[in-house]
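In what follows, a structure is listed as structure tokens, so that the remarks can point back to it.
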Amino acid sequence: MGKAIVLGCSAIGAGLAMIAGIGPGIGEGYAVGKTIEAIARQPEAKGDCTRTMFIGVAMAESTGIYAFVVALILLFANPFIGQL
Amino acid sequence: MNDIGNGPKVVFEIGKIQVTETVVIGWLIIVAVTILCLWLTRGLKKVPEKKRQVLAEMFVNFVNNTVKETMGPSMMHFAPYIGTLLIYAVLGALVSLIGLRSMTADINVTATWALMTFALITFYKVKHNGPLGYVKSFGQPVAFIFPLNIISEIATPASMAFRLFGNVAGGMVITGLLYGALGALSSAVGLSFEAGSFGFNVFQVGIPAVLSVYFDLFSGCIQAYIFSMLTMVNVGAANE
């Protein structure tokens, strides 16, 4: 019984953790949109803009990746089962 | 479902050391890259005649230009390291296209590379500021910010390792889940056939390949590029 509750709550927790995916989604969309605006205004700076955008997007993605790692740990390497 | 999220399998053991799938695939990639290099650079001419020399020059020029633009001409000796990192990370992700497990979907690999970057950053900071200046730089701009600076110093390699691992492993998990869901859907509609030990599900044909183009091809190449880019930016910033 205790194990079932822990497993169920872990699954819910993993789902809740992935709500963090909203943030990087909005942020990356915003960054890419602004980059396209900049390239449209100044097409010759395309290389610089794209490179900077990729680094920024990778930075913005970190929070989503952390949430994903937490979800993975909860689903596949659950630390709470061992404490029962 | 259960084999999706598990770590790499242990292939064989030497004493107490467990050699996993990841390491063996890494060896295979090293052999493949060595053979590729030997083949690409055979019979070089001053004016390229063969297509493979043009290809090799394109890659070397790309790496050289990127390093020069991001780190400056004084750091050009980093180009071979960055090129190695780039081609190893790209092939490590793309190896999933031929049915093997992605090498970068193992946190040990990405954490090792991030530690190498961390060592380089620390080396250049110490070289640039001197050992005492390096310790002092943690107390900038005010002394009580010391612990926060240490956390931000550790956060750089940790976030780099998790980013590469998370992207590749995430693609692997999503493709695996979709594969399982399509199999369940096929057997629910009755389009699943079994002949002995060989099962065939109609919906599993073609549909996962579309996702695979994004998660394996696009994401693998972009994340490898971003990893080497972040290495260049961080090491370059440490030397300023």
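All values below come from the heavy atoms of this structure, side chains included, with hydrogens, waters and symmetry mates left out. Given the structure is predicted, the values throughout are model-derived calculations rather than measurements. Chain letters run A, B, ... following the sequence lines, proteins first, then strands; residues in each count from 1.
No part of B:I107 comes within reach of chain A, as not one of its non-hydrogen atoms sits under 4.5 angstrom from that chain. Of the atoms belonging to A:F68, it is side-chain heavy atoms, and not backbone ones, that fall under 4.5 Å from chain B. Residue contact with chain A, scored on non-hydrogen atoms closer than 4.5 Å, involves the side chain of B:Y225 exclusively.
Annotation for A:I65 and B:F162: closest pair CG2-O, 3.0 Å, computed over non-hydrogen atoms.
Listed by chain and number, the residues in a side-chain contact (heavy atoms from CB on, under 4.5 Å) with A:E37 are A:K34, A:R41 (sequence neighbours excluded).
Within a 6.0 Å radius of OH in B:Y134, more than 12 heavy atoms belonging to other residues, nucleotides or ligands are found. B:I17 CD1: 12 or fewer foreign heavy atoms inside a 6.0 Å radius. Around OH of A:Y30, the count of heavy atoms belonging to other residues, nucleotides or ligands within 6.0 Å does not exceed 12.
Between B:N167 and A:E61 there is a side-chain heavy-atom pair separated by less than 4.5 Å. A:V69 places a side-chain heavy atom less than 4.5 Å from the side chain of B:F165.
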